[in-house]
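Reviewing the structure listed below.
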Amino acid sequence: MTDQGIWHEAAALGALNEGEPHGIEIAGHHIALYRVGNEYYATSNICTHAEALLSDGMLEGCEIECPLHMGRFDIRTGETLSSPVEIDIQTYPVRVAGDRLEVCLPA
Ligand code: FES
């Protein structure tokens with residue numbers, strides 16, 4: 001546990017492929033995991049515009065494109081990058097622990 005939340009095991013590093021968002025559910029949170037080179041990121045998996053899963057979208061560099069209406073977010077900051085999305089997406093801290101990726105979620 002940290003000031004920010006609780007660390008959870010999220011995925012084996014081997015399951016996270018470059019350019020392929022990975023959707024998981026942990027403790028009721030829908031999370032999308034991303035690998036960009038040797039860096040890993042986690043965001044909410046639910047688009048802030050409607051109910052689409054970002055893990056079904058296209059990842060280009062550090063930008064995820066929603067599969068439903070093509071809104072784009074920066075997975076590093078959660079910032080919206082294009083319409084129709086207007087609300088930033090939640091991001092979560094991640095860390096590598098051995099051969100696993102962990103994500104810190106609100107307590
Ligand atoms: S549901 Fe994601 S852009 Fe509309």
Side-chain angles (χ1 to χ4, degrees):
M1 189 160 169
T2 71
D3 289 347
Q4 307 157 321
I6 299 172
W7 288 98
H8 297 265
E9 185 173 308
L13 295 182
L16 301 174
N17 299 316
E18 178 98 36
E20 296 179 15
H22 185 80
I24 57 169
E25 186 176 345
I26 303 174
H29 297 270
H30 294 274
I31 308 293
L33 304 174
Y34 314 90
R35 178 179 178 179
V36 181
N38 290 322
E39 301 293 326
Y40 298 90
Y41 302 94
T43 71
S44 168
N45 199 15
I46 310 294
C47 183
T48 56
H49 181 240
E51 290 294 315
L53 294 177
L54 296 177
S55 58
D56 292 335
M58 283 252 295
L59 182 66
E60 286 185 24
C62 288
E63 296 182 11
I64 183 70
E65 182 180 80
C66 177
L68 197 52
H69 307 111
M70 315 314 172
R72 297 171 78 89
F73 300 92
D74 187 321
I75 62 172
R76 297 166 295 188
T77 62
E79 183 182 1
T80 60
L81 298 173
S82 69
S83 65
V85 291
E86 296 180 341
I87 301 171
D88 294 348
I89 201 90
Q90 179 72 51
T91 60
Y92 302 100
V94 296
R95 69 184 181 188
V96 172
D99 62 352
R100 316 289 296 179
L101 188 72
E102 295 182 342
V103 60
C104 188
L105 299 177

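Counting convention: from 1, in listed order, for ligands and their atoms alike. What's counted below: heavy atoms across the whole structure, side chains too, no hydrogens, waters or symmetry copies.
- Within the 4.5 Å cutoff, the side chain of Thr91 has no heavy atoms near those of the Tyr41 side chain.
- The CG atom of Asp56 lies 12.5 Å from the CD atom of Glu65; values are rounded to the nearest 0.5 Å.
- Less than 4.0 angstrom separates some heavy atom of Cys66 from each of these atoms of ligand 1: 1 (S), 2 (Fe), 3 (S).
- Within ligand 1, counting atoms from 1 as listed, the ones closer than 4.0 Å to a heavy atom of Leu68 are 1 (S).
- Between Ile31 and Tyr92 the shortest side-chain heavy-atom distance falls below 4.5 Å.
- The ND1 atom of His49, atom 4 (Fe) of ligand 1 and the ND1 atom of His69 define an angle of 90° (nearest 10 degrees).
- Asn38 CG: 12 or fewer foreign heavy atoms inside a 6.0 Å radius.
- For Ala50, heavy-atom contacts with ligand 1 shorter than 4.0 Å involve the backbone as well as the side chain.
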